[in-house]
Amino acid sequence: MNNILDNLNNSQKDAVLYNSGPSLVIAGAGSGKTRVLTYKIAGLLQEGLPPWSILALTFTNKAAREMKERIATLVDPESARRLWMGTFHSLFFRILRAETEAIGFPGGFTIYDTSDSKSLLKTIIKEMGLDDKIYKVNAVYSRISGAKNDLISPEAYASNGDRIKQDILCKRPLIKEIYLRYVNRCRLASAMDFDDLLFQTNVLFRDHPDILAKYQNLFRFILVDEYQDTNFSQYLIVKKLADNHHRICVVGDDSQSIYSFRGANIENILNFKNTYPEGKLFKLEQNYRSTQTIVNAANSLISKNKSQIPKKVFSEKEMGNRIKVLTAYSDLEEGFMVANKINEIRLSVFDSFNDFVILYRTNAQSRIFEEALRKRNLPYRVYGGLSFYQRKEIKDVIAYLRLSLNEDDEEAFKRVVNYPTRGIGETTMQKIIHAASEHHISLWKVLQTPAEYGVQINSGTAKKLEGFRLFIESIHQQVGAKNVYELTGQLLIDSGIQHELNADQSPENMSRKENIQELLGGMHEFVASRIEEGNDAVFLTDYLQEVSLLTDQDESKNEQGERITLMTIHAAKGLEFKNVFIAGLEEDIFPSAHSLESDRQLEEERRLLYVAITRAESVCVLSYAKSRFRNGQNNFTRPSRFLKDLDPHLLDYPTEAATSHSNDTSSFERESSLYWKSKNRFAEKSSSISDYRENRFKTSAWKESPAPSPRTMQAGSPVSATGKPLKRLSKPSTNTPATNANEAFASNTTGLKADSVILHERFGQGRVKSIEGVGDNAKIEVEFENSGYRKLLLKFARFTIIE
DNA sequence: GACGACGACCTTTTT
DNA sequence: GGTCGTCGTC
């Protein structure tokens, strides 16, 4: 242990060695938090605490896995393996499954993922005859999830004045009723959603003091990572478990709290002292990850937030380069600029592709970077988005497995009852669903004896239902005898899925087959590794648990070779990269339009950028575009307000701006106005916002007329430095939009010749290499500064000649 | 009951 | 740009 301690600085050492009471470790970004946690656990093990008496809660499975690996090398693999280390959801799933009798799920239960939950809510909203325009599934889901995370049952919800008042204000007074029905339906289906795993753990501990005592005695030391992102439900579980011995250590950073949308409550970390008055506070303030410039820039940003625990994060590494800001004309060009910059850095310092990450606020932004990287032949890997296990074909197979294990699983039932098609359509299903809710039983029970529950069907349909029932039962019977891999292989054949996918050679089918093959491969690996570890019995539940509680980060399929990483900032939490690109620093994206209602949310967005910047070791690049294609329209954007929050001395704006350093306007405004003064010939004069609105309005009206797509027309509008569009050369009228639009946006090509420099609407600035053809067929070849060589049809190209 | 065409709505972020 | 749900036709 002594030599281990040599690797720690004094504050880390203090935090590691204090084990006699509760402690809060405020760990600034890059301050060696994981190191403290692993060394602390290693120390506890060396003190003689058995590994199974240590409960270590992490934010992702990946974090747990990595920490276990480090402990395995520090102490020994066997101890590492026996630690109770994992996410809240996976560990308490384990406990709930061991206590199924006590929680009233005697036959076990399955886990509903978010899409199952939403699908059930949709069904309930429909059944209640409510307007799904008002009772939007997402809104209802988040209300219910929020209630569960605050440990409010449907009954408590109905008598909770505040919540009811809010619902009435939002014109959704019946959420309480939906909530109640939802909970009942989940129970009928023997299903728990993500929030239930925590909620039911609380119920278990509340109603069964003996069981609580058992786990209180088992867990002699408790550690919680990312404590700033725990919710009330999690807080209470931890508090109860630690109640007797108070041997608890929570680690976190209030500046990195970014999950309030999921119920995370920053108060948990801020109020730690109230929960444990004798608790000790440790602060890790030295950042070992990033250059001074990056740390200072991040500090300058976060200092704009009001509520935070005072701390001063510092770095003693080199100053490093300033943070570069890239300004693009369009989202498309932003992609090219980032790709080019990556190339440039790689060529000058020979970094591996693994040293690069592109971070964005929303998953939808990934596409544009994927395209740009593909065109440059740069290898990349995208995390998140539509995950593997969310694909239709995968969900279908999993649904069969779920149903065969828990036949009451309503969502799984609905998913596969008619896939592949076996003639059980909507009408029959409606009858079954109706009968089920009438008699308060599961769909499966109705299926067993439809007539008994008054389901009126003809004999043909009855036969088909019977066939489905027998099929599911036959898989059910094989569950004990076959492992997941074998079972699924059989299932694919017997269900007819195999046959269906072999029916034609369409590309969709080919890719589905590939995915299913991959799924089988994963199952094989799962089974093999369990057997390797000495588990001779590999349960289907274990497999299903694992796939439903996987996190995005866990999906890294260790693809060989170096790759640039693309992910949301949320997914990047806890990671670090030598070179970090943060894209889309625009109003309404970052900060998100949804965050503008309250300071609290805006501060969370700011913390999110703080998290993003502090992922960087040596290079951090910010980028934004002046126009962006979103929701089927090209819109003008304004640079993010956060750019102004960053210390301007630490930023490096494009060269145009470098020449002018006069007044107090922020750099990007300087840069933009200069740019537009010198180069923009799109417009004669600038227009007001009301003109802009008018144009937008007209555009949507145009949608009803046959001709050009809104994208084409919107894309033609020139934009001013502030993001306001400039007046068009000719005003479009609403009657004959096509003609006017074409007139308005046709580029003026007078004087265009080889070697002309043009400013293209989407590709930015470039030099004309050649012109070929005449009239409508004329093409130009252009070398763009950031977008490379392109051939453009003169007729459609949108650009201005600069020189 | 199956399937294709069209339109509405969409986007935060995730266990 | 893409998904999901609805509607109309076979």
Side-chain angles (χ1 to χ4, degrees), chain A residues 57-64 86-93 111-115 117-119 122 126 132-133 136-138 141-142 145 148-149 192-198 226 229-231 233-234 257-264 331 359-368 371 383-387 390 392 418-430 460-461 464 545 547-555 567-573 584 588-596 601 604-605 607-609 611-612 628-634 700 703-704 709-711:
Chain A
L57 295 153
T58 60
F59 195 70
T60 63
N61 295 306
K62 190 184 174 212
T87 61
F88 273 90
H89 290 86
S90 61
L91 294 187
F92 292 111
F93 170 79
I111 301 173
Y112 272 1
D113 67 16
T114 309
S115 68
S117 302
K118 288 185 179 169
S119 145
K122 221 177 275 179
K126 212 185 244 170
D132 60 5
K133 299 252 166 20
K136 289 190 185 147
V137 179
N138 285 327
Y141 178 80
S142 84
S145 175
K148 283 186 179 175
N149 288 328
M192 288 200 197
D193 66 17
F194 288 143
D195 305 315
D196 285 334
L197 294 174
L198 307 173
E226 308 282 9
D229 284 326
T230 51
N231 60 37
S233 186
Q234 292 167 321
S257 161
I258 55 174
Y259 277 94
S260 72
F261 70 91
R262 194 168 100 184
D331 47 357
L359 300 176
Y360 33 77
R361 179 67 183 79
T362 65
N363 278 309
Q365 286 164 263
S366 77
R367 217 195 79 255
I368 217 100
E371 282 169 13
Y383 287 82
L386 232 208
S387 92
Q390 317 229 47
K392 183 191 175 302
N418 204 28
Y419 176 80
T421 48
R422 44 174 76 86
I424 305 171
E426 202 43 44
T427 320
T428 311
M429 273 308 288
Q430 278 314 317
T461 308
K464 289 169 187 162
Q545 184 271 131
V547 299
S548 51
L549 294 181
L550 273 185
T551 63
D552 263 3
Q553 295 195 2
D554 300 321
E555 279 174 49
M567 53 169 64
T568 63
I569 299 164
H570 282 91
K573 179 157 108 156
D588 290 353
I589 290 192
F590 200 3
S592 142
H594 298 264
S595 70
L596 303 177
Q601 290 175 23
E604 177 148 323
E605 294 283 305
R607 289 195 293 269
L608 194 55
L609 182 56
V611 169
R628 182 173 295 274
F629 190 69
R630 271 216 300 175
N631 298 338
Q633 275 195 330
N634 208 23
S700 55
K703 253 180 131 171
E704 285 145 35
S709 76
R711 175 167 196 158

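Since this is a predicted model, take the numbers as computed values, not measurements. Numbers restart at 1 for each chain; the letters A, B, ... are given by sequence-line order, proteins then strands.
- Using a 4.0 Å heavy-atom cutoff across all strands shown, A:F88 reaches no nucleic acid atom at all.
- Atom NE2 of A:H594 and atom P of B:dC10 are 9 Å apart (whole Å).
- Toward the 5' end of DNA chain B, the nearer of the two residues A:K118 and A:K136, judged by each one's closest nucleotide, is A:K136.
- Take A:D113 and apply the side-chain hydrogen bond (donor to acceptor under 3.5 Å, both in side chains) test, not counting sequence neighbours, and it matches A:S115.
- As a whole-Å value, the separation of A:R607 CZ from B:dT13 P is 18 Å.
- Taking 4.5 Å as the limit, every side-chain heavy atom of A:T230 sits out of range of all side-chain heavy atoms of A:L57.
- Residues forming a side-chain contact (heavy atoms from CB on, under 4.5 Å) with A:A64 (at least two apart in sequence, or on another chain): A:T58, A:M85.
- Using a 4.0 Å heavy-atom cutoff across all strands shown, A:R630 reaches no nucleic acid atom at all.
- Applying the side-chain contact (heavy atoms from CB on, under 4.5 Å) criterion to A:N418, with sequence neighbours excluded, gives A:T421, A:R422, A:I424.
- Residue A:T362 places its side chain closer to B:dT13 than to any other of B:dT13, B:dT15, C:dG1.
- Secondary structure note: stems in DNA chain C built from 3 or more consecutive Watson-Crick or G-U wobble pairs under 3.5 Å occupy B:1-9 with C:2-10.
- Taking the side-chain contact (heavy atoms from CB on, under 4.5 Å) definition, one finds that A:K126 meets it with nothing, sequence neighbours left out.
- With C1' as the reference atom, B:dT11 and C:dT6 are 22 Å apart, rounded to whole Å.
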Nucleotide N/O to protein N/O under 3.5 Å, stretch nucleotides 1-8 of chain B:
from  : atom 1 : to     : atom 2 : distance (Å)
B:dG1 : OP1    : A:T428 : OG1    : 2.8
B:dG1 : OP2    : A:T427 : N      : 3.2
B:dG1 : OP2    : A:T427 : OG1    : 2.4
B:dA2 : OP1    : A:N418 : ND2    : 3.2
B:dA2 : OP2    : A:N418 : ND2    : 3.3

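- For A:Y360, there are no ring-ring contact (aromatic ring centres under 6.0 Å, His included) partners two or more places apart in sequence or in a different chain.
- With sequence neighbours excluded, no residue forms a salt bridge (charged side-chain N to carboxylate O under 4.0 Å, His left out) with A:R630.
- Partners of A:Y259 under the ring-ring contact (aromatic ring centres under 6.0 Å, His included) rule, at least two apart in sequence or in another chain, are A:F59, A:F261, A:H570.
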Report, one pair per line, the protein and nucleotides 5-10 of chain C atoms (nitrogen or oxygen only) whose separation is under 3.5 Å.
from  : atom 1 : to     : atom 2 : distance (Å)
C:dG5 : OP1    : A:K122 : NZ     : 2.7

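- Taking CG of A:L549 as the reference point, atom CG of A:L197 lies at 6.0 Å (rounded to 0.5 Å).
- A sub-4.0 Å separation between OP1 or OP2 of B:dT15 and a side-chain N or O of A:N61 is absent.
- Evaluation of the side-chain contact (heavy atoms from CB on, under 4.5 Å) rule for A:T114 yields A:K118, A:Y141, A:F194 as partners, not counting sequence neighbours.
- Side-chain nitrogen and oxygen atoms of A:N138 include at least one within less than 4.0 Å of the OP1 or OP2 phosphate oxygen of B:dT11.
- By the salt bridge (charged side-chain N to carboxylate O under 4.0 Å, His left out) test, A:K392 is found to be paired with A:D396, residues two or more places apart in sequence or in another chain being considered.
- The side chain of A:A571 has B:dT14 as its nearest neighbour among B:dT14, B:dT15, C:dG1.
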